[in-house]
Amino acid sequence: NDSIEKQTKRRKDSSPQNAAAGSSIDDGCSAQKRKREGTTTTTTTSTATSSVTSSSLPPHMFILAPMVGGSELPFRLLCRKYGTQLCYTPMMYAKQFVESEEYRRQEFHTCAADRPLVAHFGANDPNVMLEAARLVQDQCDAIDLNLGCPQRIAKTGHFGSYLLDKEDRDLLLRIVQTVSAGIKIP
């Protein structure tokens, strides 16, 4: 146990977000919240910069998976405080994300301390997925296509694990090729 605690502390102390964000993990979030609410302060906040290139993510061992009702911003920040190095957003519906500014405002939240971050989308149309990815590519470090959701809504909407059937292989390849060629992050 002592060895695990030392390793976790070492990883936490040397993680990119801690180095960039300082000791207070909500500095970047507080500034973003004030901006969203229209309030201003003269507080100086630190900003994290991503060193992600178009071909890789920073090294990571501890990952927070996408979970509806579980991987929203406050929980991601709490997990990062205890050593999580890479987080996913909950799944967002790409079509709604593209079509509705209100949906984007409700579903996608991040801040400077919330990096590296993977935006997680459910989609079945290459062009819609590309447009959704373009809307967030400057606020995250990678884009992920949901291919695991087995829920009834995924079957009805034809996304998630229901894209893994042989008849959808060409569609799946088109989605991945279109998005990877059309954005600047992995």
Side-chain angles (χ1 to χ4, degrees), residues 15-18 21 25-33 35-37 48 50 52 57-58 60-164 168 171-172 175-176 178-180 182-186:
S15 68
Q17 66 271 13
N18 284 343
I25 65 167
D26 78 342
D27 276 351
C29 296
S30 298
Q32 187 172 3
K33 183 178 179 186
K35 182 178 178 184
R36 194 169 52 241
E37 293 172 350
S50 175
V52 177
L57 286 170
H60 53 275
M61 182 183 297
F62 298 107
I63 302 169
L64 177 66
M67 300 176 290
V68 174
S71 57
E72 283 78 5
L73 179 61
F75 188 67
R76 293 195 308 261
L77 293 174
L78 179 66
C79 291
R80 289 180 188 283
K81 180 179 176 181
Y82 291 100
T84 299
Q85 298 162 321
L86 175 69
C87 292
Y88 282 71
T89 67
M91 187 195 75
M92 299 172 284
Y93 297 101
K95 188 172 181 358
Q96 284 180 273
F97 198 84
V98 168
E99 293 175 352
S100 171
E101 184 177 337
E102 179 66 23
Y103 181 80
R104 287 192 299 273
R105 239 188 341 266
Q106 288 176 352
E107 298 299 320
F108 184 73
H109 303 111
T110 192
C111 64
D114 188 30
R115 300 300 280 272
L117 178 66
V118 179
H120 183 68
F121 289 102
N124 61 11
D125 180 299
N127 295 320
V128 171
M129 180 68 184
L130 174 60
E131 187 59 33
R134 285 180 173 162
L135 288 169
V136 297
Q137 72 178 337
D138 293 328
Q139 300 167 67
C140 65
D141 302 287
I143 303 295
D144 184 52
L145 174 63
N146 183 317
L147 293 175
C149 184
Q151 295 180 358
R152 185 184 325 235
I153 193 165
K155 183 174 186 176
T156 304
H158 194 71
F159 64 88
S161 64
Y162 298 95
L163 290 177
L164 296 176
D168 289 318
L171 171 61
L172 182 56
I175 293 171
V176 172
T178 300
V179 173
S180 63
I183 61 174
K184 57 188 175 188
I185 59 175

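We use all heavy atoms of the structure for the numbers below, so side chains are in, but hydrogens, waters and symmetry mates are not.
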What's the spacing between M61 CE and Q85 CD if we round to 0.5 Å?
7.0 Å
Partner residues of S100 under the side-chain contact (heavy atoms from CB on, under 4.5 Å) criterion, sequence neighbours left out
E102, Y103
pair Y93-F121: side-chain heavy atoms closer than 4.5 Å
no
d(Q139 CD, F108 CZ) to nearest 0.5 Å is 4.5 Å
Run F97 and V136 through side-chain contact (heavy atoms from CB on, under 4.5 Å) and show every step you take.
CA-CA 10 Å; F97 198 84; V136 297; 3.3 Å; yes
With side chain to side chain donor-acceptor pair (under 3.5 Å) as the test, would you mind laying out the steps for D168 and H158 before giving the verdict?
CA-CA 10 Å; D168 289 318; H158 194 71; 3.0 Å; yes
Are more than 12 heavy atoms from other residues, nucleotides or ligands located less than 6.0 Å from atom CD of Q151?
no
Would you give the length of the straight line joining atom CG of L117 to atom OH of Y88, rounded to the nearest 0.5 angstrom?
10.0 Å
Hey, are the side chains of R80 and L64 touching, using non-hydrogen atoms and a 4.5 Å cut-off?
no
Beyond-backbone contact of L145 with L172, side-chain heavy atoms, under 4.5 angstrom
yes
Could you give the distance from CE (M67) to SG (C87), rounded to the nearest 0.5 Å?
9.0 Å
Distance col, row I185:CD1 vs I143:CD1, nearest 0.5 angstrom, shows 4.0 Å
